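Single-structure report; data block below.
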Number of protein chains: 2
Amino acid sequence: MEQEGLDALTMRALARRLGVAPNALYSHVATKTALVDDVLDDVLAAVRAPDSDRRDWQGGLRLMMASTHAVLLEHPDLVPLYLARQGARGPNAQRLGEIMLALLARGGLTGARAREAQRALIVHAIGSAAFASGAREAVGPPRAELVRTFERGLGWLLAGIAATAGVEGSRQRPH
Amino acid sequence: MEQEGLDALTMRALARRLGVAPNALYSHVATKTALVDDVLDDVLAAVRAPDSDRRDWQGGLRLMMASTHAVLLEHPDLVPLYLARQGARGPNAQRLGEIMLALLARGGLTGARAREAQRALIVHAIGSAAFASGAREAVGPPRAELVRTFERGLGWLLAGIAATAGVEGSRQRPH
DNA sequence: ACCTGAACACCGTTCAAGT
DNA sequence: ACCTGAACACCGTTCAAGT
């Protein structure tokens, strides 16, 4: 149904590959945007999430974001589309978002603070993937260096989030 | 010459606005990609950088990234283009990149470590702007919340970078 | 050096019509 | 429910030609 879809993600190219007239697609999808939304969410099905009984919330988030980054790197042409849509809206995106919030809650972060942390992590994962996807052979740093940049940034963000959670926690207990 | 350029950044629309035939543009620019590269770098001219004699390297970086984020938010339609090109390549981008490296060096970060920090900061600024630019009225969080997310993430990254610099520093001194 | 006319190979989408 | 033919209003780019 969806296939790999290199950069040939055009209505007409898709119709060509399906051996069908271009406008035939409009019997199945309302608009190209809707189709792309579906594809984007489908890709996210491959993102790995920790077992629900996991104690290590930071490790859980690290696993999820690293997996997201890796999955996005497998679909370089789609990456630019994620940021503009704020990381997709489909069922997979929603499910992953809720797991993230659950992990953050286990770390003591809730409400606006949790959503900020969640968004910062997502921006970092997709942004890093977009940055790396744009890298062509000659120009720019090698892929491995960009992956290391992602991992280090992820560590900084998680440390900062944990520190914030700590402050929140010690501020709440006295009440 | 370049103008605001909403989302009407197509060769033919630009030619139309200039009252000229579409192909006339190819006497001035080799390709659309080249034109876009020029526009992207021009926009970066508005990014503010600290005075060269500044002592506070973290504050300097914070100023630069916040200014970058603000400037990008003024050109929402261009934002998606920056990440794929890894933040433009023109003279302005290069100048800003060097100032960032100088500030990082003042904080004790050099070489691969400095480039990683630099890239993480750029990814966060552009990624946050892309995230915010995609936000439409009804759907998604309000703009102010996204700006706060950007600022908090920036703080986390700078704290992490400073900690790394500290470790590097205390490791180097014994030598 | 800078422009035009005409053309090529594309887009997304709609409309009326067929099964 | 699913497809087609034909069309509309677009793209980026090239080529030959004009001043």
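Residue numbering restarts at 1 for every chain, and letters A, B, ... go by the order of the sequence lines. Keep in mind it's a predicted model, so treat the numbers as computed, not measured.
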Rounded distance (Å) that lies between atom [atom2] of [N] and atom [atom1] of [X]:
X	N	atom1	atom2	answer
B:Leu14	D:dT13	CG	P	13 Å
B:Leu18	C:dC2	CG	C1'	14 Å
A:Met11	D:dC11	CE	P	19 Å
B:Leu25	C:dA1	CG	P	18 Å
B:Lys32	C:dC11	NZ	P	15 Å
B:Arg12	D:dC8	CZ	C1'	14 Å

Under 4.0 Å between a side-chain N or O of [X] and OP1 or OP2 of [N]?
X	N	result
B:Thr10	D:dC10	no
A:Thr31	C:dG12	no
A:Ser27	D:dC3	no
B:Arg16	D:dC11	yes
A:His28	D:dA1	no

Let's see if you can work this out: which of [options] has an atom nearest to the side-chain heavy atoms of [X]?
X	options	answer
B:Tyr26	D:dC11, D:dT13, C:dT4	D:dT13
A:Ala21	C:dT13, D:dT4, C:dC11	D:dT4
A:Val20	D:dT4, D:dT13, C:dG12	D:dT4

**Message:** Between B:Val36 and B:Val43, is there shared hydrophobic-cluster membership here, with clusters defined by ILVMFWY side-chain heavy atoms closer than 4.5 Å?
**Reply:** yes

**Prompt:** Hey, are the side chains of A:Leu154 and A:His69 touching, using non-hydrogen atoms and a 4.5 Å cut-off?
**Reply:** no

**Complete:** Taking a pair to mean Watson-Crick or G-U wobble geometry with both distances below 3.5 Å, C:dC2 pairs with D:dG18

**Prompt:** So which nucleotide does C:dT13 pair with, by the Watson-Crick or G-U wobble rule with both distances under 3.5 Å?
**Reply:** D:dA7

**Request:** Describe the nucleic acid contact of B:Ala24 in one word from base, sugar-phosphate, nothing, applying a heavy-atom distance below 4.0 Å.
**Result:** base

**Prompt:** How long is the gap from CZ on A:Arg152 to CD on B:Glu116, to the nearest 0.5 Å?
**Reply:** 4.0 Å

**Asked** Salt-bridged, A:Arg119 to B:Glu145, with N to O below 4.0 Å?
**Response** yes

**Item:** Salt bridge A:Arg89-A:Asp41, side-chain N to carboxylate O under 4.0 Å
**Value:** no

